[in-house]
J.: 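Can you read through this structure? Questions will come right after.
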There are 2 protein chains.
Amino acid sequence: MRQRTRRAILDAAIALWSRDFSASLGDIAERAAVSRSTLHRYFPERQALVDAALAEAVAAIEREGEKALVGCRTAVDELSALMRAGIDNGDAILFLFSDPNRFAGNPYWDESEDEDVLGVITRAQAEGGIAADVTPGWILGVFYSLIYTAAEAIASDQLPRHRAVDVAVRTFLHGVGSGDSGAH
Amino acid sequence: MRQRTRRAILDAAIALWSRDFSASLGDIAERAAVSRSTLHRYFPERQALVDAALAEAVAAIEREGEKALVGCRTAVDELSALMRAGIDNGDAILFLFSDPNRFAGNPYWDESEDEDVLGVITRAQAEGGIAADVTPGWILGVFYSLIYTAAEAIASDQLPRHRAVDVAVRTFLHGVGSGDSGAH
DNA sequence: TGAAAATGAGACATCAATGTGTCATTCTCG
DNA sequence: CGAGAATGACACATTGATGTCTCATTTTCA
């Protein structure tokens, strides 16, 4: 029970704070189907919950990202797999990146995931699967933006999950142009 | 002076709330280089400032979008122009769309801009410039996401403004793939 | 079953943000 | 210049979120 409750609170915090960081602890407790008393037993201060949610979100992304990479042959394959994993953890992505400065200086803020993805991107550029005349930083931003957009489309029932993943990967690689106009 | 002060407060509110909606009125007053007293004279309650900022952001987007459309020949041209205009008003875009539910039910919340862009998108699909096998809703989401990403890249000095616009439009139409792999 | 753990309910105290006033100072413009 | 508008600097009350505590109830597990 102990772990289940903690998990419910963290999930609720990430789900709510990913959309609105001003959500109160009362809101989170309600979402987690837990009393505010219990929430305070697990996380005595608001900041403690922020830190734990941050650590949990980072861990989830790393964990799922790791799993997604098995069996990939090219760097582009890896990016597609990471995008799928990111969409499946849309709340965590959104929570981490909705405000790039929110966690600046927080010891639990870990940019290694950024570094990992950037590595895959530069590798994909070297392999010729990703345009080499655009900065990796821009590509990383597009990568996360499309994950966000796909997660949002799923959450609002605009697209089924599998369709959202396909369309996001396709948009990432080829854009939404018809394809018959000359690429740059 | 009266109008200038009001404008400074609205700009500060949009700039701060676009990144962090929990920013306090004190933060906004400081950013606007104005005392909290003055802020309260212009906007007696927090909600009044929220409403005014919302109305101002909507108006700015509509106004700049309108201006951007002159001289466009194709619907794809219009989308490119709208994207440029959006990036130039990145704070307003971000403020309006960072939380799609924040302004639900607010009388100043106007979805007509959404409708306008959706119209251009379907027109572009009919003209053959935009893929017709993807939902307009998805394309709209990608459109705004790339505006956000470009505005963020500019704000963090990763890309100069003109370069960000170019790269965003190109990504919108052709993605970040190298282009020599078969498009869908 | 029965003790220990976990939880819920609620009464507080505290604190930061917000809202409301007053008064002095600065500025704008006739 | 000088009156009126605009602003800044406070003091203060209010409010909602947060943090702390106690006690009753429920759940878990040996």
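Throughout, a chain's letter reflects where its sequence line sits, starting with A, and its residues are numbered from 1. None of the values given here were measured: they were computed from a predicted structure. Heavy atoms only: backbone and side chains are in, while hydrogens, waters and symmetry mates are out.
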J.: What integer distance in Å separates B:Ile28:CD1 from C:dA17:C1'?
T.: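 That distance rounds to 12 Å.
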
J.: If you only use heavy atoms from C-beta on, which nucleotide in C:dT7, D:dT7, D:dT18 is closest to the side chain of A:His40?
T.: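 Nearest to the side chain of A:His40 among the choices is D:dT18.
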
J.: For the ring pair B:Tyr148 and A:Tyr144, is the centre-to-centre distance below 6.0 Å?
T.: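 No, the ring centres sit 6.0 Å or more apart.
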
J.: Could A:Asp133 and B:Arg170 be called an ion pair, given the rule that one side-chain N must be under 4.0 Å from one carboxylate O?
T.: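 Salt bridge between A:Asp133 and B:Arg170, a charged N being under 4.0 Å from a carboxylate O: yes.
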
J.: Considering just the side-chain nitrogens and oxygens of A:Tyr42, establish if one lies under 4.0 Å of OP1 or OP2 belonging to C:dT7.
T.: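 Yes, because at least one side-chain N or O of A:Tyr42 sits under 4.0 Å from OP1 or OP2 of C:dT7.
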
J.: With the criterion being N/O to N/O and under 3.5 Å, what pairs connect the protein with nucleotides 10-17 of chain D, and how long is each?
T.:
{"residue": "D:dC10", "atom": "N4", "partner": "B:Ser37", "partner atom": "OG", "Å": "3.1"}

J.: Starting from P on D:dT7, measure out to CD on B:Glu30 and report it in whole angstrom.
T.: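 Rounding to the nearest Å, CD of B:Glu30 and P of D:dT7 are 18 Å apart.
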
J.: In whole angstrom, give the distance that lies between atom CG of B:Leu39 and atom P of C:dT18.
T.: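 These atoms are roughly 10 Å apart.
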
J.: If I take atom CZ in residue B:Arg41 and atom P in nucleotide C:dT22, what distance separates them, rounded to the nearest angstrom?
T.: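 Going from CZ in B:Arg41 over to P in C:dT22 covers 12 Å.
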
J.: Which is more 5' along DNA chain C, the nucleotide nearest A:Ala33 or the one nearest B:Gly26? Just name the residue.
T.: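 Residue closer to the 5' terminus by nearest nucleotide: A:Ala33.
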
J.: Is any side-chain N of the basic residue among B:Arg123 and B:Glu78 closer than 4.0 Å to the acidic one's carboxylate O?
T.: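 Looking at B:Arg123 and B:Glu78, the cut-off is met.
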
J.: Can you tell which of C:dG8, C:dT7, D:dT7 lies closest to the side chain of A:Val34?
T.: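 Closest nucleotide to the A:Val34 side chain: C:dG8.
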
J.: Examine A:Arg46 relative to A:Phe21 and say whether NZ or CZ is less than 6.0 Å from the centre of the six-membered ring and inside a 45° cone about the ring axis.
T.: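 Because its charged atom sits under 6.0 Å from the ring centre and within 45° of the axis, A:Arg46 does stack over A:Phe21.
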
J.: Please identify each residue that fulfils side-chain contact (heavy atoms from CB on, under 4.5 Å) with A:Glu30, with sequence neighbours left out.
T.: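 Result, side-chain contact (heavy atoms from CB on, under 4.5 Å) vs A:Glu30: none returned.
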
J.: Identify whether the distance between the nearest side-chain nitrogen and carboxylate oxygen of A:Arg19 and A:Glu152 falls below 4.0 Å.
T.: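 Answer for the salt bridge query: yes.
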
J.: Inspect the contact between A:Arg31 and A:Asp11 and indicate whether a charged nitrogen and a carboxylate oxygen are less than 4.0 angstrom apart.
T.: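 No salt bridge links A:Asp11 with A:Arg31.
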
J.: Salt bridge check: are A:Arg7 and A:Glu56 linked by an N-O gap of less than 4.0 Å?
T.: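 Result for this pair is yes, salt bridge flagged.
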
J.: Output the rounded distance in Å from CZ (A:Arg6) to P (C:dT7).
T.: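 Result: 13 Å.
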
J.: Which residue lies toward the 5' end of DNA chain D, A:Pro44 or B:Thr38, if each is placed at its nearest nucleotide?
T.: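 Going by which nucleotide is closer to the 5' end, it is B:Thr38.
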
J.: Rounded to the nearest 0.5 Å, how far apart are OH of A:Tyr42 and CG of A:Leu10?
T.: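 One finds 10.5 Å between OH of A:Tyr42 and CG of A:Leu10.
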
J.: What residues from residues 7-20 of chain B pass a heavy-atom cutoff of under 4.0 Å to DNA chain D?
T.: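 Heavy-atom contacts with DNA chain D come from no residue of residues 7-20 of chain B; none.
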
